[in-house]
Amino acid sequence: MEIPKAYDPKLAEGEHYSRWEAQGFFAPEINRDPDAPVYSIVIPPPNVTGSLHMGHALQHTIMDVLTRYHRMRGYRTLWLPGMDHAGISTQIQVEKQLRKEGLSRHDLGREKFEERVWQWKEQYGGEILRQMRREGASVDWSRERFTMDEGLSRAVREFFVRMYEKGWIYRGEGLINWCPKDQTALSDLEVEKVEKKDGKLYYLQYPVKNSDRRVTVATTRPETMLGDTAVAVNPTDERYSDLVGATLILPIANREIPVVADDFVDPEFGTGAVKVTPAHDQNDYAMGLRHALPQVRVIDQHARMTAEAGAEFEGLDRYEARERIVQKFEELGLLERVADYEFSISQCGRCRTVIEPLLSVQWFLKQSDLGRKPLELMRERHEPRFVPEVPYEKVYTNWLEGLYDWTLSRQLWWGHRIPAWYDEAGRVFVARTEVDARRAAGTDNLTQDPDVLDTWFSSALWPISTLGWPDETRDLKTFYPTSVLVTARDIIFLWVARMMMTGLEFVGERAFDDVFITGTVFDKHGQRMSKSKGNGVDPLEVFDKYGVDATRLVLAGIGTTDTRWNDSQVESYRNFANKIWNATRFCLMNSEGARAGQGFEGESQTWALHDRWIMSRLQKAVRDVSKSIEAYEFHAAVQTVYHFFWDDFCDWYIELSKADVTATDATPQRDAARSRVLTVLEQALRLLHPFMPFITEELWQKLPGVGSQLLHPAYKDAEPTIMLASYPQTREELIDERAEADVQSIIELVSRVRNIRSEMNIKPGEPVRLLVAAPAASIRSVFESGSQQIARLVRASEILISESLDAPRASARAVLAGGAEVAVPLEGLIDFAKERERLKGEREKLEKEAAKLEAQLANRQFVERAPAEKVSELRQRISDIAQRTRMLAETMEVFAE
RNA sequence: AGGCACGUAGCUCAGGGGUAGAGCACUACCUUGACACGGUAGGGGUCCGCGGUUCAAAUCCGCGCGUGCCUACCA
């Protein structure tokens, strides 16, 4: 069979996915075992406007590894894909498109605009889903969901109505975050805090009524003073105790406002007196409620001053007003001073406009009620299990402990319309459908609330709504609760906690068993990747350059760690893919007469040493990889499989088998050896498949002997594919420590001789003779039976094995474990001085180690208190080293001048 | 301001009470019939600093320094 010398990822990547998909391999229905255990994951739905970035690629890789692994283990496996309608960002996208046509959404009207968005979604949306195919994501496309689907929308209305009926959703006036640009309310979680903005702190003086006294307040937002309805001081602050209850004259507005006492005020900060603007500041709002202060609105939705601010300011932008007011204070002689000040501001998470806290009527959800069950579940049973547990369990718990009301309504057109209707009298009717609302109202003359719900409202239902809730569907019963949620840490509050709330509330069970929080991928300078910085690494470009499988290996290894992206890691895994390719190429070039799955017949004790060895190594690799995947330790899993394949299989097993495998005569021995190499390879490919789906499928399909018999019994009727093959299971009885130790001594011998060759500058083509001595008969027999292989690996023309060494003076020597020695006669080739130096170096190394160990043993405390096992281990090591040193000394005598 | 992580080879990172690891980079040799995206042999580390616990600390604890993240009602 002719296959190219280098692996070209594009070929495999272009070929297999569509077949997997078409054959239905991704759907859980492929599993025919009625008793199969269930494994399910719902994808964190990417925004319909989004395209793939490294964070997605990381999450998807981990989900796919878990999904493929469990599928191969015979689980009824579902990974459900879908998208989020992404209210604000999608609306912005479409409005941008309209603007190019000279239109606004108001020109179209609501209905036409919504149609337009749907159109946009069909045309441009969901690019990321196409990109997921490129990643090899084995999601069940037949269950793809969109948060605006009819089913999911029904779930949203159901959620809303039930919460309303319980009194947990209410409509009321509150101080909310308002984005003056997007013209909508935002939840606290959609607001970004930006720290360390340079600004000013203005010290303003308010005169006390009927007095010469003035009270100085400090503020970063002088323009809000027009809305002040009090000044607050700390009740314990003696400087102001006589003023509490006094009346101040608010300058410019010339309004009378009281001085109130409130614990909130920090006497240490500023002047210890705070202006209170209940209508434009979160804290002042709360204080206003405590003291029953009036709320004066001086800033409107467009961040312009209102009529209430006074004719002089009406219509001014908030920042213009600020300047004007400061100027005015100066003129009045009431501006005490202005100080430079560093402070933080809140921005719209979407457009970065500075948020304006505004009083307005919105819909709210009392999260503290809905959050009670998740909090109890965490406190009592530590569920869900966070990976890593530290610090996320605490982050999650702390948030649940301090829940506040969630502003649900958004003044947008794209999203789930609030299921509330008003009659002419303004009475509100919340209902699942308009028909229900009419029935309740007893009239058809109703107007639906114009607002839509926060995008995260529908996201909160994702695990249950995608599976059919509120109906009790088969999918919901089968796949819920889901096995694990894989996501980034920044949406633990926004999303993870809320899914737990709805799952527990409506289905009575946690949304997922485990929550795996991935690390963050930074650029090579440690900066967060972002569009605006333009420092993002495009996963697709990395795929193009190094292949999807290599990229996945890097991503899986990242796991929960924050990592700076560097291509060299991907390059090394690209090389690994090529190594896999070429190892397979070797096996295929020598596959005539061989079949994967054969060659290891009979009692393992009758097998050759290197066969027992590789099987033992394979069992351990299988054991460790499975254990690591199940513990979400992907880095360890990747390392294990990488080193098993490269070091054990390629460097040693193939090399040790080469003579047998490449024999020209078609003997049964040769074919059995070929089958054994193929068998180990085939198992290794399966082991690798969850991480590297494309290359493993590509190569697996080429191996002679693969077929339906290798599929997991749950998939027995399916077309042969590695993705439905059984994941290798450890066969404990094949773990053979003796064989591992024996091959280890062969490896040591070979390495020592190669070292001599290299240090002595012996030409690679130049054959050498080997004189090997070992006092122990067991080691001698290992060397004897392996002498052909050893000779091949070190290019020896002859190997003489005896009990004690009798080598010519002109030999290079090395001491091995267990008292064995090796000498390489080098008549005429040896440089005595150089050999002396080399041996001296060896001896120094040993002496240094011996000194350290001796010192430890000399410590009586150690001997008395350390476990006996440790002490004897140390004694053993010391005696090994002593023996080596002794032998080395003898050897050096030979070279004495 | 609090909380939490992290600091290991030149770089990116594993590991973690008992012999310091990988990949890349580096040095030397090798185009040997799987693979130069390769092979063989090497060099390179007071595991941030200082104390403590322990027979034993890179690992556990405290403090300090540095870096990053999260939370917060600093007007």
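Everything numeric in this text was worked out from a predicted model, so none of it was measured.
Summary of the strand contacts: Ala218(A) and Tyr404(A) both lie near RNA chain B, and taking for each the nucleotide with the nearest heavy atom, the more 5' one is attributed to Tyr404(A).
Summarising the base pairing, U19(B) is matched to no nucleotide, lacking a Watson-Crick or G-U wobble pair whose two defining distances lie under 3.5 Å. Pairing for C47(B) is absent, with no Watson-Crick or G-U wobble pair whose two atom distances lie under 3.5 Å. Nucleotide C4(B) has G68(B) as its partner under the Watson-Crick or G-U criteria, with both atom distances under 3.5 Å. Figure legend. U53(B) is base-paired to no nucleotide; pairs are counted as Watson-Crick or G-U wobble with both atom distances under 3.5 Å. The partner of C26(B) is G42(B), by the rule that a Watson-Crick or G-U pair needs both atom distances under 3.5 Å. Using Watson-Crick or G-U wobble geometry with both donor-acceptor distances under 3.5 Å, C37(B) finds no partner in any strand shown.
Distances shorter than 4.0 Å separate some side-chain N or O of Ser751(A) from OP1 or OP2 on A41(B). A close approach under 4.0 Å does occur between a side-chain nitrogen or oxygen of Arg564(A) and OP1 or OP2 of U12(B). At the phosphate of A20(B), OP1 or OP2 sits under 4.0 Å from a side-chain N or O atom of Lys852(A). At the phosphate of C29(B), neither OP1 nor OP2 sits under 4.0 Å from any side-chain N or O atom of Asn761(A). For the pair Tyr392(A) and A5(B), the criterion of a side-chain N or O lying under 4.0 Å from OP1 or OP2 is not met.
Separating the CG atom of Asn859(A) from the P atom of A56(B) is a distance of 7 Å, rounded to the nearest angstrom. Rounded to whole angstrom, the span from the CG atom of Asp562(A) across to the P atom of C13(B) amounts to 9 Å. Atoms CZ (Arg752(A)) and C1' (U40(B)) sit 14 Å apart, rounded to a whole Å. Rounded to an integer number of Å, the gap from CZ of Arg574(A) to C1' of G38(B) is 12 Å. To the nearest angstrom, C1' of A72(B) lies 10 Å from CG of Asn283(A). Taking atom CH2 of residue Trp565(A) and atom P of nucleotide C24(B), one finds them 16 Å apart after rounding to whole Å. Rounded to an integer number of Å, the gap from NE2 of His643(A) to C1' of A22(B) is 5 Å. One interatomic measurement links the two molecules: CG of Asn234(A) to P of A75(B), which rounds to 17 Å at whole-angstrom precision.
Taking the P atoms as reference points, G38(B) lies 23 Å from G21(B), given to the whole Å. Nucleotides C4(B) and U40(B), compared at atom P, are 48 Å apart to the nearest Å. The separation of U31(B) from C6(B), taken at their C1' atoms, amounts to 45 Å, rounded to a whole angstrom. Between A9(B) and G44(B), the distance separating the two C1' atoms is 6 Å to the nearest Å. The gap from the P atom of G68(B) to that of A75(B) amounts to 23 Å, rounded to the nearest Å. With P as the reference atom, G18(B) and A58(B) are 10 Å apart, rounded to whole Å. Separating the C1' atom of C11(B) from that of C26(B) is a span of 12 Å, rounded to the nearest Å. Nucleotides G10(B) and A5(B) have their P atoms positioned 28 Å apart, rounded to a whole Å.
At a threshold of 4.0 angstrom between heavy atoms, the contacts of Glu849(A) include nucleobase atoms, whether or not backbone atoms are also involved. The residue Thr563(A) sits close only to the backbone: its heavy atoms come under 4.0 Å of sugar-phosphate atoms, none of a base. In this structure, Gln856(A) reaches the bases: a heavy-atom distance under 4.0 Å links it to at least one base atom across the strands shown. Heavy atoms of Val395(A) sit nowhere under 4.0 angstrom from any nucleic acid atom. Contact annotation for Tyr341(A): backbone-only contact, meaning every heavy-atom pair under 4.0 Å involves sugar-phosphate atoms and none involves a base. Backbone-only engagement by Gln639(A) is indicated by non-hydrogen atom pairs under 4.0 Å involving sugar-phosphate atoms exclusively. Within the nucleic acid shown, Phe493(A) comes within 4.0 Å of sugar-phosphate atoms alone, with no base atom in reach, counting heavy atoms only. Contacts of Tyr642(A) with the nucleic acid, taken as non-hydrogen atoms under 4.0 Å apart, involve only primed sugar atoms and P, OP1 or OP2. The residue Arg877(A) sits close to a base: some heavy atom pair falls under 4.0 Å.
Within 6.0 Å of atom CD in Glu864(A), more than 12 heavy atoms from other residues, nucleotides or ligands are found, so the atom counts as buried in its surroundings. With a 6.0 Å radius and a threshold of 12 heavy atoms from other residues, nucleotides or ligands, Glu401(A) has its CD atom above the threshold.
Between Phe516(A) and Phe634(A), a ring centre-to-centre spacing shorter than 6.0 Å is recorded. Taking the six-membered ring for Trp, Phe645(A) and Phe649(A) have ring centres closer than 6.0 Å. Within the 6.0 Å centre-distance limit, the rings of Phe576(A) and Tyr642(A) are counted as a close aromatic pair.
For Val265(A), taking side-chain heavy atoms from C-beta onward, the closest of the listed nucleotides G18(B), U19(B), A75(B) is A75(B). Which of G18(B), A41(B), C13(B) sits closest to the side chain of Pro867(A) comes down to G18(B). Between G18(B), G23(B), A75(B), one nucleotide has an atom nearer to the side chain of Gln569(A) than all others, and that is G23(B). Comparing G3(B), A75(B), A41(B) by their nearest atom to the side chain of Lys394(A) picks out G3(B). Comparing A75(B), C73(B), C69(B) against the side chain of Phe264(A) picks out C73(B) as the nearest.
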Nucleotide N/O to protein N/O under 3.5 Å, stretch nucleotides 31-35 of chain B:
unit_1 : atom_1 : unit_2    : atom_2 : d
A34(B) : OP1    : Lys658(A) : NZ     : 3.2
A34(B) : O3'    : Arg585(A) : NH1    : 3.1
A34(B) : O2'    : Asn582(A) : OD1    : 2.8
A34(B) : O2'    : Arg585(A) : NH1    : 2.6
A34(B) : N7     : Lys658(A) : NZ     : 3.1
A34(B) : N6     : Glu655(A) : OE2    : 3.3
A34(B) : N3     : Asn582(A) : O      : 2.9
A34(B) : N3     : Ala583(A) : N      : 3.3
C35(B) : O4'    : Asn582(A) : OD1    : 2.9
C35(B) : O4'    : Asn582(A) : ND2    : 3.4
C35(B) : O2'    : Asn578(A) : ND2    : 3.1
C35(B) : O2'    : Asn582(A) : ND2    : 3.4
C35(B) : O2     : Lys579(A) : NZ     : 3.0
C35(B) : N3     : Lys579(A) : NZ     : 2.9

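Residues Arg489(A) and Asp562(A) are paired through a salt bridge, judged by an N-O separation under 4.0 Å between the basic side chain and the carboxylate. Using a cut-off of 4.0 Å between Lys/Arg side-chain N and Asp/Glu carboxylate O, Glu842(A) and Arg752(A) are scored as salt-bridged. Salt-bridge formation is detected for the pair Glu571(A)/Arg574(A): a Lys NZ or Arg NE/NH1/NH2 atom is positioned less than 4.0 Å from an Asp or Glu carboxylate oxygen. Using a cutoff of 4.0 Å between basic side-chain nitrogens and carboxylate oxygens, Glu766(A) and Arg795(A) are not scored as salt-bridged. Electrostatic pairing of Asp8(A) and Lys10(A) does not count as a salt bridge here, judged by no charged N lying under 4.0 Å from a carboxylate O.
In this structure, the salt bridge (Lys or Arg N to Asp or Glu O under 4.0 Å) partners of Asp648(A), at least two apart in sequence or on a different chain, are Arg617(A).
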